[in-house]
Amino acid sequence: MVIIIKKETPEAAIRQLLAQLAALHVKGGCVAGEEAILLPLVGETWRLDPNALQALPFVREVRRLTPPYRLAGRAAHPADTVVAAGDARIGGTFCFIAGPCAVESAPQIAAVARSVKAAGAQVLRGGVFKPRTSPYTFQGLGAAGIELLVQAGRDAGLPVITEITDAAQLPLLEDVDILQVGARNMQNYALLKALGQLRRPVLLKRGLSATVEDLLLAAEYLLAGGNEQVILCERGVHSGLSAARAALDVSSIPVLKRATHLPVLVDPSHAAGRSELVLPLALAAAAAGADGLMVEVHDRPACALSDGGQSLTCRQFRELSAAVTALLPYAWRPDTF
Ligand code: PEP
Ligand code: MN
């Protein structure tokens, strides 16, 4: 980090600032230029808030040279993180997570589990605590749904993922392999801190209007707590301009892959909002370097209690998985230019 201060700043003020920074494990130098004085800083600069420094009366500008997400960044951890859940490996090789938006009944989740497993999915998804926009729509089966999801996963030989919306649900979710933090909770820092204390995989979805840096700093909460099993998921942002449900930010995929060692998945279903857009978005995500996809699949989308319009049939998922797999040899990777 470099702080640029006004040329007329008294020496005593500079000395005092450098002493304050030293207490935060940041060492600073002082270079007097023609028009300004530069304070180059090294050490634990991620602890510094540029806005707070900017508020000092003699500071002209503060420039970060390294990202504030120290643990999520590639610099501290160049090798890709691979998250293990049962037999699934997320990161490294391409992975499919598939299942219904919500667990609705034992036959429904069992039928979807069997068919997505046969189509190559490595993880079964199914929401039980559903954060719905309207309080009058299906809210999920809650605790009763967890058992159905876990059982269907066991029967099909798949680890399971479900969304947690409140840390108080943790005791109910002990048999769930991966905990999902939904887009609406990406900045629920109390929830992130609680999940940071676990040693269990967490899939963190990008907030509806969060920047890539916001997402990486949310991941930093999990990592700073000591939980290293973090998976990121791009799911589209609300721009107000997209013809789809959300604007899938394809460019965030290579940006994230360069910035972080964490696996980057893409959920084309919630970006699409309509089933016919899921395949093109899935292909785009895979081509842009995603480490995997999370896709909503229902045995009877027309009867789904939530997100039926964007859910693929089991057959459509089989076709999607084949088409995406065929494209993978041509996909961009961070080691290509
Ligand atoms: C989901 O995956 O079930 C979901 C609600 O997605 P999002 O948080 O991305 O809206
Ligand atoms: Mn959904």
Side-chain angles (χ1 to χ4, degrees), residues 90 95-104 108-109 112 116 121 123-135 137-142 145-146 148-149 160-166 169 173 176-188 191-192 195 201-210 212 214-215 218-219 231-239 242 244-249 252-253 256 264-275 277-278 281-282 285 290 292-313 316-317:
I90 298 139
C95 115
F96 290 97
I97 299 178
C101 179
V103 176
E104 296 170 10
Q108 174 245 15
I109 191 67
V112 177
V116 298
V123 181
L124 175 66
R125 68 153 281 152
V128 296
F129 300 111
K130 294 303 304 173
R132 304 302 303 283
T133 305
S134 164
T137 56
F138 179 57
Q139 302 287 303
L141 293 182
I146 301 166
L148 302 181
L149 176 69
V160 298
I161 177 169
T162 199
E163 178 166 353
I164 178 168
T165 54
D166 187 323
Q169 294 154 356
L173 295 169
V176 169
D177 302 279
I178 309 176
L179 298 168
Q180 174 175 327
V181 176
R184 288 153 196 81
N185 273 311
M186 189 206 83
Q187 286 174 309
N188 180 342
L191 180 61
L192 297 178
L195 299 181
V202 175
L203 180 143
L204 177 64
K205 295 187 100 175
R206 181 177 178 181
L208 302 164
S209 56
V212 164
D214 294 337
L215 172 63
I231 304 157
L232 304 177
C233 185
E234 166 64 49
R235 48 81 72 221
V237 290
H238 282 184
S239 68
S242 176
R245 182 173 176 181
L248 183 69
D249 184 5
S252 77
I253 304 161
L256 283 166
V264 178
L265 300 195
V266 171
D267 168 353
S269 304
H270 287 89
R274 304 202 299 275
S275 60
L277 297 182
V278 175
L281 296 188
L293 296 170
M294 178 154 79
V295 181
E296 285 189 342
V297 180
H298 199 285
D299 55 337
R300 289 177 304 150
C303 305
L305 298 181
S306 70
D307 283 349
Q310 68 194 32
S311 298
L312 299 189
T313 61
Q316 285 170 329
F317 175 67

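Each ligand, and each atom within it, is numbered from 1 in the order the structure gives. All residue numbers refer to positions in the sequence shown, counting from 1.
- Side chains of L232 and R206 form no contact here, defined as non-hydrogen atoms less than 4.5 Å apart.
- Side-chain contact check for D307 and Q310: at least one donor-acceptor pair (N or O, by modelled atom type) lies under 3.5 Å.
- Within the 4.5 Å cutoff, the side chain of V181 has no heavy atoms near those of the N188 side chain.
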Could you list, one pair per line, each nitrogen or oxygen of ligand 1 together with any protein nitrogen or oxygen closer than 3.5 Å, giving atom names and the distance rounded to 0.1 Å?
unit_1, atom_1, unit_2, atom_2, d
ligand 1, 2 (O), R125, NH1, 2.8
ligand 1, 2 (O), Q180, NE2, 2.9
ligand 1, 2 (O), K205, NZ, 2.8
ligand 1, 3 (O), R125, NH2, 2.8
ligand 1, 3 (O), K130, NZ, 2.9
ligand 1, 6 (O), K205, NZ, 2.9
ligand 1, 8 (O), A183, N, 2.7
ligand 1, 9 (O), K205, NZ, 2.8
ligand 1, 9 (O), R235, NE, 2.6
ligand 1, 9 (O), R235, NH2, 3.4
ligand 1, 10 (O), R184, NH1, 2.8
ligand 1, 10 (O), R235, NH2, 2.8

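- Residue H270 holds its NE2 atom at 5.0 Å from CZ of R245, rounded to the nearest 0.5 Å.
- Under the side chain to side chain donor-acceptor pair (under 3.5 Å) criterion, E163 pairs with no residue, sequence neighbours left out.
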May I have the step-by-step check of side-chain hydrogen bond (donor to acceptor under 3.5 Å, both in side chains) for S252 and E234, ending in yes or no?
CA-CA 8 Å; S252 77; E234 166 64 49; 2.7 Å; yes
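- Listed by chain and number, the protein N, O or S atoms at a distance under 2.8 Å from the Mn ion (ligand 2) are C101 SG, H270 NE2, E296 OE2, D307 OD2.
- Side chains of V297 and F96 form no contact here, defined as non-hydrogen atoms less than 4.5 Å apart.
- Between the side chain of E104 and the backbone N or O of L305 there is at least one donor-acceptor pair closer than 3.5 Å.
- C95 pairs by the side-chain contact (heavy atoms from CB on, under 4.5 Å) definition with I90, I97, Q122, not counting sequence neighbours.
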